[in-house]
Amino acid sequence: MIQDIEPHILNNSYDPNKQPQADSLIFSFRKRSVLVTEDFTFPTYAQMPAEAEYIYLFSLDDRDCFLIKHHVRLEGYYYEDVWNLRNDDEDFAPYLLAVVTAYSLSNWYRHNRYCGYCGVETTLADDERAIVCPHCGNRIYPRLNPAVIVGVMHGDEILITKYAQGYGHNALIAGFVEIGETLEQTVAREVMEEVGLKVKNIRYYKSQPWGFVDDILMGFYCVVDGDTKIKLDTSELKKGVWTKREDIHLQPDHLSLTNEMMEMFQKGLIDESYCD
């Protein structure tokens with residue numbers, strides 16, 4: 001999955017006193033695009049124009065990574081959609097996690113330039129990764145959107161879906177956690193809303209950061225409870241079918257929790273007994 005970059009380490013401990021060094025990686029974003037070369041390398045501080053401003057993000061192994069506050073132009077570099085960097089290249093894997101995490105943080109900084117309480121321009125905290133209003137003291141922390149991925153099983157079949165819009169490959173039931181509900185309640189609600197099925201024996205599997213859209217994904221398996229007839233919500237899905245292990249078509253890369261959960265079922269490493 002996208003976070004599996006061992007033996008590399010992304011250390012997101014915040015240090016507001018760090019200053020960029022010549023080999024520090026610099027991420028420059030323009031909306032949802034990042035400055036990169038055609039072979040997916042990112043610029044360093046040594047290549048940056050003078051008098052630019054930076055925010056420390058995290059370290060990747062022994063290299064510090066910074067966000068430049070204003071997008072720049074560099075010869076040999078261009079702005080590429082972050083989603084287009086998604087690939088299975090093992091050598092690029094740590095950089096993909098880094099750029100996606102940097103993109104999420106960049107959006108957070110950009111969306112909180114002004115205080116939501118009083119409208120005053122905000123500043124950066126000097127003691128932690130936070131944004132502070134100098135007028136009313138409001139503190140703003142990076143926000144994650146919790147969402148569930150659900151593998152609904154029935155015997156040797158699992159419910160495979162495709163979204164009505166957006167990502168076009170096979171997926172599982174997915175949805176965001178609503179205020180006031182548990183993760184297990186989210187699982188049951190999303191399955192009922194999207195395919196009209198009741199489920200039981202809900203069991204947690206694994207989690208995943210998904211900085212493309214500021215999500216933290218939590219995977220669950222469960223078993224259909226009673227009627228197996230699918231009633232598809234076509235506003236959310238264009239496909240929802242019971243699929244045998246041997247008929248599962250995986251996603252084209254191995255970055256997502258969804259793909260791993262489908263693959264675990266496909267290989268027989270997960271079955272209904274997992275939820276007993």
Side-chain angles (χ1 to χ4, degrees), residues 1-37 40-74 77-87 89 91-114 121-133 139-145 207-217 255:
M1 295 193 291
I2 194 171
Q3 70 268 30
D4 297 330
I5 63 171
E6 294 79 5
H8 302 281
I9 298 173
L10 190 145
N11 183 348
N12 62 4
S13 298
Y14 182 61
D15 185 349
N17 298 315
K18 281 203 173 184
Q19 298 297 318
Q21 305 300 312
D23 68 339
S24 296
L25 290 179
I26 305 298
F27 293 106
S28 174
F29 294 95
R30 187 170 63 189
K31 294 185 178 179
R32 57 183 256 172
S33 298
V34 64
L35 191 67
V36 68
T37 64
F40 293 172
T41 61
F42 301 98
T44 64
Y45 177 65
Q47 299 171 278
M48 290 294 108
E51 300 181 356
E53 294 183 78
Y54 304 89
I55 301 173
Y56 176 70
L57 296 174
F58 43 74
S59 66
L60 180 61
D61 295 331
D62 58 352
R63 297 183 73 181
D64 291 335
C65 302
F66 290 80
L67 173 69
I68 190 169
K69 287 189 177 182
H70 303 285
H71 66 261
V72 295
R73 294 183 179 180
L74 292 177
Y77 291 81
Y78 71 105
Y79 281 91
E80 178 63 80
D81 191 313
V82 171
W83 280 93
N84 292 340
L85 303 185
R86 179 175 174 172
N87 68 78
D89 186 332
D91 292 334
F92 185 64
Y95 298 98
L96 179 61
L97 177 62
V99 69
V100 170
T101 305
Y103 173 62
S104 184
L105 284 169
S106 174
N107 286 336
W108 172 64
Y109 284 119
R110 183 163 54 90
H111 295 163
N112 292 282
R113 291 178 57 196
Y114 297 92
E121 188 170 359
T122 56
T123 61
L124 301 185
D126 58 8
D127 58 343
E128 61 179 343
R129 195 190 304 276
I131 294 172
V132 182
C133 175
R139 278 197 175 229
I140 308 163
Y141 294 95
R143 187 189 73 178
L144 293 174
N145 304 312
S207 65
Q208 173 179 53
W210 197 245
F212 288 105
V213 284
D214 306 331
D215 290 355
I216 177 69
L217 304 177
L255 297 175

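Being a predicted model, the structure only gives us computed values, none of them experimental. Starting from 1, each residue takes its place in the sequence as its number.
With sequence neighbours left out, the salt bridge (Lys or Arg N to Asp or Glu O under 4.0 Å) criterion links Asp91 to no other residue. Residues satisfying the salt bridge (Lys or Arg N to Asp or Glu O under 4.0 Å) test with Lys31, not counting sequence neighbours, are none. Among residues two or more places apart in sequence or in another chain, the side-chain hydrogen bond (donor to acceptor under 3.5 Å, both in side chains) test is passed with Arg73 by none. With sequence neighbours excluded, the residues forming a side-chain hydrogen bond (donor to acceptor under 3.5 Å, both in side chains) with Asn107 are Arg110, listed by chain and number. Residues meeting the side-chain hydrogen bond (donor to acceptor under 3.5 Å, both in side chains) test with Tyr77, sequence neighbours left out: Gln47. Partners of Phe58 according to the ring-ring contact (aromatic ring centres under 6.0 Å, His included) rule, which considers only residues two or more places apart in sequence or in another chain, do not exist here. Judged as a salt bridge (Lys or Arg N to Asp or Glu O under 4.0 Å), and not counting sequence neighbours, the contacts of Glu53 are Lys69. Contacts of Arg32 classified as salt bridge (Lys or Arg N to Asp or Glu O under 4.0 Å), with partners at least two apart in sequence or in another chain: Asp81. Residues satisfying the side-chain hydrogen bond (donor to acceptor under 3.5 Å, both in side chains) criterion with Asp15, sequence neighbours excluded, are absent altogether. For Phe40, the ring-ring contact (aromatic ring centres under 6.0 Å, His included) partners are Phe92, not counting sequence neighbours.
Looking only at side-chain heavy atoms (C-beta outward), Ile2 and Leu96 come within less than 4.5 Å of each other. Within the 4.5 Å cutoff, no side-chain heavy atoms of Phe27 are placed close to those of Leu35. Within the 4.5 Å cutoff, the side chain of Val100 has no heavy atoms near those of the Trp210 side chain. Two residues are said to be in side-chain contact when any heavy atoms from C-beta on lie closer than 4.5 Å; Ile26 and Tyr54 meet this criterion.
For the 3.5 Å distance criterion, the side chains of Glu128 and Tyr141 qualify, holding a donor opposite an acceptor.
Identified under the salt bridge (charged side-chain N to carboxylate O under 4.0 Å, His left out) test for residues 41-51, with sequence neighbours left out: none. Residue pairs satisfying the side-chain hydrogen bond (donor to acceptor under 3.5 Å, both in side chains) criterion with at least one member in residues 95-106, sequence neighbours excluded, are listed as follows: Ser104-Asp214.
Nearest approach of Tyr56 to Ser13, heavy atoms of both residues: CE2-O, 3.5 Å.
Taking CD1 of Ile131 as the start and CG of Asn112 as the end, the distance is 4.5 Å to the nearest 0.5 Å. Between Leu74 atom CG and Met48 atom CE the span is 4.0 Å, to the nearest 0.5 Å.
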